[in-house]
There are 2 protein chains.
Amino acid sequence: MQSQNISDIIEKYLKSILADAEQVEIRRSEIADLFNVVPSQINYVIKTRFTIQNGYLVESKRGGGGYIRIEKVNLVDDADVLDTLIQVIGDSITQRDAYAVVQSLYEDEVLSQREAQLILVATDRNTLGVDDHDLENSLRARIIIGILNHLRYES
Amino acid sequence: MQSQNISDIIEKYLKSILADAEQVEIRRSEIADLFNVVPSQINYVIKTRFTIQNGYLVESKRGGGGYIRIEKVNLVDDADVLDTLIQVIGDSITQRDAYAVVQSLYEDEVLSQREAQLILVATDRNTLGVDDHDLENSLRARIIIGILNHLRYES
DNA sequence: TTATCTTTGACTAATATTGACTATTATTAT
DNA sequence: ATAATAATAGTCAATATTAGTCAAAGATAA
């Protein structure tokens, strides 16, 4: 019922490969051809759906034999990744990125589904209800980081 | 014969779909065209007739392939208790009172200990980190009410 | 009459798609 | 070795495609 846009479809395609493999390595133009889009759309998909907030690391190389490699990482196992995440969030995070972070924590079984939902509600734009977007994003960052630090102590 | 304004008709149309399906996903402009109204009237119908109080959840996405999804949810048994709490909290609550509310929900087994902790972290003065106490208290109220509203139904 | 509900549309916001231009790396020719 | 060329990927801004907000105007009910 969902996934009407091509970016979502490409996202699903890549994630279906990652469901069975540690990482996926693509040639940008091949995927672009496969889905009949311009090559830069692959960058768009990666930039919006395979960020560190989503729990993915991306490496690439240009030139002959170039590639884009996407790797799924675990946020909890790797303390460095958690630190990186907190650093990336900094003092501001959008609702979209927050969703990605919470989703990742759920996938890594750090949070139950109910806990994840509660955090998303707590950081939802409409819940916070502030006009100023900068304030909204900074509040969201504080809440998410507060919770991440709490989770760290807990374990 | 009841008044059959176009908003009522659109409402019935959507609810007739929801009678057979868990959720309905629409393209705003399509429904608007179907009933010959401006697109924003769909927002009006949703805002007035598909609220969480009535047991509906609404999600949407803009841009290419955008949609509005309406889902019917089951209200939990103690929804009325939560409603009362929501009334009492109003638009402002101190950290101390929030603690009491969360504590009592934990004692009533509405929340697990871990969930309770997460909520307290999210609404902690230091987490929110705003100077203005009125703003702090109103943010805390919004967060807790958002969560209480979420707890009113099962997902 | 007056208060509330409905309808409308101009303006805003979010997300997706595209393509021109740039940057990097590998390969080939000199 | 070095320079030229080919083969990649990256960036960014313009445009397209959705949905959201808000307030004014109109309709209806109390």
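All chains are named by letter (A, B, ...) in the order of the sequence lines, taking the proteins before the strands, and each is independently numbered beginning at 1. Quick note: numbers below take in every heavy atom, side chains included, and nothing from hydrogens, waters or symmetry partners. Predicted model only: the values in this text are computed from it and were never measured.
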Seminar exercise, completed: Per nearest nucleotide of DNA chain D, the residue lying toward the 5' end, Ser29(B) or Gly66(A), is Gly66(A)
Expressed in angstrom and rounded to an integer, what is the separation of [X] atom [atom1] from [N] atom [atom2]?
X: Phe35(B); N: dT6(C); atom1: CZ; atom2: P; value: 16 Å
X: Ile46(B); N: dT7(C); atom1: CD1; atom2: P; value: 15 Å
X: Ile31(B); N: dT18(D); atom1: CD1; atom2: C1'; value: 15 Å
X: Asn43(B); N: dT18(D); atom1: CG; atom2: P; value: 15 Å
X: Gln95(A); N: dG20(D); atom1: CD; atom2: P; value: 13 Å
X: Ile26(A); N: dT8(D); atom1: CD1; atom2: P; value: 13 Å
X: Tyr67(B); N: dA19(D); atom1: OH; atom2: C1'; value: 11 Å
X: Arg28(B); N: dT7(C); atom1: CZ; atom2: P; value: 16 Å

For this session: Assign Ile68(B) to base, sugar-phosphate, or nothing according to its heavy-atom contacts below 4.0 angstrom with the strands shown.
Result: sugar-phosphate
Exercise. Which pairs, with at least one residue in residues 116-130 of chain B and sequence neighbours excluded, count as a salt bridge (Lys or Arg N to Asp or Glu O under 4.0 Å)?
Worked result: Arg125(B)-Glu136(B)
Exercise. What one-letter contact string describes nucleotides 14-24 of chain C from 5' to 3', where B marks a base within less than 4.0 Å of any protein heavy atom, S marks contact via sugar-phosphate atoms alone, and - marks no contact?
Worked result: BBBBBB---BB
Exercise. Which residues satisfy the side chain to side chain donor-acceptor pair (under 3.5 Å) test with Ser7(A), sequence neighbours excluded?
Worked result: Gln41(A)
Exercise. Any link between Val88(A) and Leu151(A) through a network of hydrophobic side chains (Ile, Leu, Val, Met, Phe, Trp, Tyr) touching at under 4.5 Å?
Worked result: yes
Problem set entry | Any residue meeting salt bridge (charged side-chain N to carboxylate O under 4.0 Å, His left out) with Glu71(A), in chain and number order, not counting sequence neighbours | none
For this session: If a pair satisfies side-chain hydrogen bond (donor to acceptor under 3.5 Å, both in side chains) and one of its residues is in residues 44-53 of chain B, list it, with sequence neighbours excluded.
Result: Asp8(B)-Arg49(B), Glu11(B)-Arg49(B), Thr51(B)-Asn54(B), Gln53(B)-Asn149(B)
Problem set entry | Non-neighbouring partners of Tyr99(B) that pass ring-ring contact (aromatic ring centres under 6.0 Å, His included), sequence neighbours left out | none
